[in-house]
2 protein chains.
Amino acid sequence: MTTSPSVTAPDHAAANSATPSSMEAIATCMAREILAGDVGPGDSFPRELDLCQRFDASRNRLRNALAQLVSAGLLERTAGRGTVVRTMSEWQLLDPLMSHWISGLQGINPDLMREIYAFRLSVEPYVSALAAMKANAQDLARLERAFEGMVKTANDTTRDAHAEYDVAFHEAIYHATHNLVWTQLGSLLRPSISQLIQSTQQAAQQHDHSHHRASLDRHRAVMEAIRLRQPDMARTCAERVLETAARDLGFGQDHPRLASPSY
Amino acid sequence: MTTSPSVTAPDHAAANSATPSSMEAIATCMAREILAGDVGPGDSFPRELDLCQRFDASRNRLRNALAQLVSAGLLERTAGRGTVVRTMSEWQLLDPLMSHWISGLQGINPDLMREIYAFRLSVEPYVSALAAMKANAQDLARLERAFEGMVKTANDTTRDAHAEYDVAFHEAIYHATHNLVWTQLGSLLRPSISQLIQSTQQAAQQHDHSHHRASLDRHRAVMEAIRLRQPDMARTCAERVLETAARDLGFGQDHPRLASPSY
DNA sequence: GCTTGTTCAAATGTCAGACATTTATTATTG
DNA sequence: CAATAATAAATGTCTGACATTTGAACAAGC
């Protein structure tokens, strides 16, 4: 296919809205169509003027939006030739824009999801161990606050608030390393963590409530290990949290023993 | 200070060049002045028209360049107020643009350098262990090719080529994890690795040639551990490579035992 | 005196049209 | 048939104008 109908056709209501979409909204819309796999790598992207017509935007706004996609490695543009979609291995997964676009995207490319999850599976136990070595009182307070929130919202019918606290818990672990890069990595992983949690909750709907209790216990174990400054135990407990989530999603068999390289 | 003279004054020769600077060149120039600390966080940045005059560029090109700095979190712009420099903790260190700007920058902000180096110090032993679990024949070939290059260029008077191979060696380790995110993280760390190597070489100028021989041996040990699929040994050997570099730079005392959280 | 509302200047954001440059295709000519 | 020149189509860039937002100065009213 040379041009994708899902990008060319103005099938989204937002395109014909009275208030013109902001530049970021246009960028997000186009980015998500690529991330979802609606347009395959190597396909040619519509021309600027066509996109202008579709989004009812001036060429200027549209070019700014396209520039964001280029900066994230989703598109490649060359004068005279046009715009093409790059392959997934060239997507800059660590670009902050990317994390923003992935957040809340439902039909994400499964291969991409697997890559990100495999990364998190390998990195989070290690970060937990680092946190156990570096956390101070303030970090522990933040961690505890997130955990208390998880406990309080454990039985909510709509488990939206619970997911929020769950994400905050994981983010607090990255923050406790007291290193800028690790902290920012945690923020970038945030959407994938959030999505993982939602998927896990859907998968666990059919289980009884003991499932949630067990999940809480595993999180508590990580927090306690960090509090007691026991890196090894923090690593093990974090592995257990992730393994359970992996089982719920059916991811487990693809990455055996990847999380414990140290023994 | 409200406006920094180093940004306002056209003291760079490139500004008055006959051929107008490309958009990326302008962005790089401005970004490096921020990264080097010439303009402190919170300071107001010159207006668009002043910058147009300084770089002899149209407002369009300049706005595109500024957009890159905004996307990397270096600047914050709001209509009506102007442009201000953000604090270091808001800089998106994992943005690919950032790694491009840092590459080759001499007078980098020491605090920033320390953060990045501390991250690498904690992450690279772990990545080496992962590589020992996942590397295949092709990865080993790439690793070996880089190492051979290091050996061949060990006695070059200008150790430029040697640094190239050294960077390739480290990048090959990240690549061997067979995970997109780890691989891209390795690419992002590339400039800091390159810079670290150059600094190390300068610091080691005064030492005898046995210094270089020892460095080669430590790298070889990492490669052999990966080849033999011994994650634990790979981790230990990688720690040794980094510790030596840290000692040469005087970084060692700031991050005691950060690299070995598992025991 | 203090608050409130208005006006104004300054900065960034946006638009529209024209032109420049690069690239691929097609026609031409030896 | 091959090499070259003309052409069309796409992105890149410039220019000038206008829109929108912000902060401050200032005046009116309690």
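A, B, ... follow the sequence lines: proteins, then strands. Residue 1 opens every chain.
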Exercise. Could you pick out which residue, A:R81 or A:A57, lies toward the 5' side of DNA chain C when each is mapped onto its nearest nucleotide?
Key: A:A57
Quiz item: Taking atom C1' of C:dC15 as reference, at what distance in whole Å does atom CD1 of A:I26 sit?
Solution: 13 Å
Quiz item: Does a side-chain heavy-atom distance below 4.5 Å link B:D95 with B:S71?
Solution: yes
Quiz item: Does B:R77 make a side-chain N or O approach to OP1 or OP2 of C:dT12 shorter than 4.0 Å?
Solution: yes
Self-check item: Atom-to-atom span, CG of A:L49 to P of D:dG12 - whole angstrom
Solution: 13 Å
Quiz item: Within the structure, does a side-chain N or O atom of B:R63 lie under 4.0 Å from either OP1 or OP2 of C:dG13?
Solution: yes
Self-check item: Check: B:Y174/B:Q184 side-chain N/O donor and acceptor closer than 3.5 Å
Solution: no
Quiz item: Using a cut-off of less than 4.0 Å, is there contact between a side-chain N or O of A:T83 and OP1 or OP2 of D:dT11?
Solution: yes
Quiz item: Under 4.0 Å between a side-chain N/O of A:R61 and OP1 or OP2 of C:dC15, yes or no?
Solution: yes
Practice problem: Using whole Å, report how far CD of B:E24 lies from P of D:dG12. | Solution: 10 Å
Quiz item: A:E48 has a side chain; which of D:dG12, D:dA17, D:dC14 sits nearest to it?
Solution: D:dG12
Quiz item: How close or far is atom P of C:dA11 from atom CD of B:Q53, stated in whole angstroms?
Solution: 13 Å
Quiz prompt | side chain to side chain contact (heavy atoms under 4.5 Å, CB included) partner of A:L69, chosen from A:I34, A:L97, A:V85, A:T83 | solution = A:I34
Practice problem: Round to a whole Å and report the spacing from CZ of B:F55 to P of D:dC14. | Solution: 14 Å
Quiz prompt | Atom pair distance, as rounded to whole Å: CZ in B:R47 and C1' in C:dA9 | solution = 12 Å
Quiz item: Is there side-chain contact between A:S122 and B:W182, with heavy atoms separated by less than 4.5 Å?
Solution: yes
Quiz item: Quick one: A:L69 CG to D:dT11 C1', roughly how many Å, whole number?
Solution: 15 Å
Quiz item: When only distance counts, do a donor and an acceptor, one from the side chain of B:R59 and one from the base of C:dT12, lie under 3.5 Å apart?
Solution: no
Exercise. Check whether the side chains of B:H162 and B:D166 place a donor and an acceptor atom closer than 3.5 Å, and report yes or no.
Key: no
Quiz prompt | Along DNA chain C (nearest heavy atom to each residue), the more 5'-positioned of B:A79 and B:N60 | solution = B:A79
Exercise. Please state how far atom CG in A:L62 lies from atom P in C:dT14, giving the value in whole angstrom units.
Key: 12 Å
